[in-house]
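Heads up: the structure comes next, in structure tokens.
When reading the values below, keep in mind they use all heavy atoms of this one structure, side chains included, and skip hydrogens, waters and symmetry mates. Proteins come first, then strands; the chains are lettered A, B, ... in the order of their sequence lines, and each starts at number 1.
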There are 2 protein chains.
Amino acid sequence: MPNDQTSDLGAFEGLSPEEVRTILSGTSTVRLAPGDLLFLQGDPADRFFLLKQGWLKVTQVTADGQKLIVRIVHPGEFFGFAPALQRDEYPGSCEAIVDSVALVWPRNRWKAVLGAAPSVTLSIVQAIGRKLDEAHVRLREMTTEEAARRVANLLLRLWSEAGESALDTDGGIELPYPLTRQDIADMSGNTLHTVSRIMAAWETQGVLGRGRRKVVIADLDALKQLAGFDD
Amino acid sequence: MPNDQTSDLGAFEGLSPEEVRTILSGTSTVRLAPGDLLFLQGDPADRFFLLKQGWLKVTQVTADGQKLIVRIVHPGEFFGFAPALQRDEYPGSCEAIVDSVALVWPRNRWKAVLGAAPSVTLSIVQAIGRKLDEAHVRLREMTTEEAARRVANLLLRLWSEAGESALDTDGGIELPYPLTRQDIADMSGNTLHTVSRIMAAWETQGVLGRGRRKVVIADLDALKQLAGFDD
DNA sequence: CGATTTTTTGATGAGTTTCAAATGATGTGG
DNA sequence: CCACATCATTTGAAACTCATCAAAAAATCG
């Protein structure tokens, strides 16, 4: 189950130097410290990105101030591709969780990148399609499953996405970036309080490790049980 | 707000006859009656489709039998493109709501269709991207908004997607295909009962028209209010 | 016209949010 | 390097939304 993501950087593998040059032409690099905002919901969508290092979170805020973390961006993934969809505003905000480095294209380079090589086109479409698939799975979870199960599923998904970068500590498997209970609530569609209660219970049961701004999975199989596999 | 979708059939506009021939080569046509199932969740994903006429619903079922309607497919849209994402099974089932006609490609034609012309590539990517965007909006709604608001937003979205095909009746605007309260529940993440109560209330308030398996929007502005625009 | 499908409505209770407050960690500046 | 402010988490109690259970009414179809 871990590591089942195809790195989008892999999209550039097997390309001729010529093609890579085409793709990378016009790019620049941006460095971010934790908490830095790369773009804000409503900003003009004049750039799109690929994350080289680090982790980011993409959030959406409702009119009445409710927040949802739409996704965690992992190294190798495209993000902020609103320009590619002919949107002129970013639908969400993007914030660095840790020190990060991203590749930046101006929006008018989209056509060229997409058309650089058939294999690139194909893997970009696949990447977006996978995100769509994932969004539908989450949608189903959010509407049909109860709080605890949603949290369990979220943690499993984050672990799976982290793949190799998940840290093997003494207490179990640790996600390679910090997350608060509030973050987890915003990702799983719960309140901070509900998540705290749920996770505190799992800590005493030994399913999770204890830690501030940390997620440590102590008993993977137990967590899968809680997520609703089998039982 | 209505009609803001770009028809995917439009994707084939402005193409040379040569290119159109490439795209359509190897296709067949399938006709469906209401209730007919085109493919089932778990079926081998060996074909992908474009809806020419009618309306379909795509559903996903959880292990424990809970149902979610993932989307309504409108004329001109691609659907069942799991093969394009290198999936070998369809993640959901597809059922005709009314008499419908769809264009069918075998899965191995995907690369050729995608690469037929730059403008086709671009608009396919845009179409999938828009779906992703929409899924994120729904995700946010489902998790942060309460039942009535979710229903209001759903109805507005369906009206918007229907665009020109929405019927102008005496009682208001009617969606061009039948939907049960159960369908609406499965789309908005509610139970049949909750939806019935909500909609019955709106009917007495004059926001909606009365009807079995029908959705009639009598007072669009009122519905927008209920959905959370303004106030 | 009886059978089936769809919708309505009431009563009850479980699960979550909300409100309120305390406790525990972390960092910082004097 | 400690005192203090800040941030993160925990916990309790009350309120509320919505799902569940149960049943009847209304519309449609063969």
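- For DNA chain C, the residues of residues 203-213 of chain A within the heavy-atom distance limit of 4.0 Å (strictly under) are Arg212(A), sorted by number.
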Distances under 3.5 Å between nitrogen or oxygen atoms of protein and nucleotides 10-13 of chain C:
residue	atom	partner	partner atom	Å
dG10(C)	N7	Arg197(B)	NH1	2.9
dG10(C)	O6	Arg197(B)	NH2	3.2

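- Within the 3.5 Å criterion, the main-chain N or O of Leu68(A) finds no donor-acceptor partner in the side chain of Arg140(B).
- The backbone N or O of Ala45(A) lies less than 3.5 Å from a partner atom in the side chain of Arg107(A), making a donor-acceptor pair.
- dT6(C) atom P lies 13 Å from atom CD1 of Ile97(B), rounded to whole Å.
- Taking five base pairs at each end of the helix from dA14(C)-dT17(D) to dG30(C)-dC1(D) and finding the rotation axis that steps the C1' atoms of four pairs onto the next four gives two axes whose angle is 20°, to the nearest 10°.
- Side-chain contact between Pro34(A) and Asp99(A): present, with at least one pair of heavy atoms (C-beta onward) separated by less than 4.5 Å.
- The pair Arg31(A)-Asp36(A) does not meet the salt-bridge criterion, since no charged nitrogen lies less than 4.0 angstrom from a carboxylate oxygen.
- For the segment residues 175-192 of chain B, residues with any heavy atom less than 4.0 angstrom from an atom of DNA chain C are, sorted by number, Thr180(B), Arg181(B), Leu192(B).
- The six-membered or imidazole ring of Phe39(B) lies near that of Phe49(B), with a centre-to-centre distance under 6.0 Å.
- Side-chain atoms of Arg138(A) come within 3.5 Å of backbone N or O of Met187(A) as a donor-acceptor pair.
- A 4.0 Å heavy-atom criterion places the boundary nucleotides of DNA chain D facing chain A at dC7(D) to dA13(D), written 5' to 3'.
- Contact detail for Lys52(A) and Pro75(A): the closest heavy-atom pair is O-CB, 3.8 Å.
- Of the residues Arg181(B), Arg212(B), Lys214(B), the one that meets the salt bridge (charged side-chain N to carboxylate O under 4.0 Å, His left out) test with Glu203(B) is Arg181(B).
- The main-chain N or O of Ala96(B) is never found under 3.5 Å from a side-chain atom of Ser100(B) such that the two would form a donor-acceptor pair.
- Scanning all heavy atoms of the two residues, the minimum distance from Val101(A) to Leu51(A) falls at O-CD1, 3.4 Å.
- For Trp105(A) and Phe78(A), the gap between ring centers is short of 6.0 Å.
- For the residue pair Asp186(B)/Gln182(B), the side-chain donor-acceptor check at 3.5 Å is satisfied.
- Atoms CH2 (Trp202(B)) and C1' (dT7(C)) sit 17 Å apart, rounded to a whole Å.
- Spacing of P atoms, dA19(D) relative to dT18(C), comes out at 16 Å, to the nearest Å.
- Among residues two or more places apart in sequence or in another chain, the side chain to side chain contact (heavy atoms under 4.5 Å, CB included) test is passed with Arg197(B) by His193(B).
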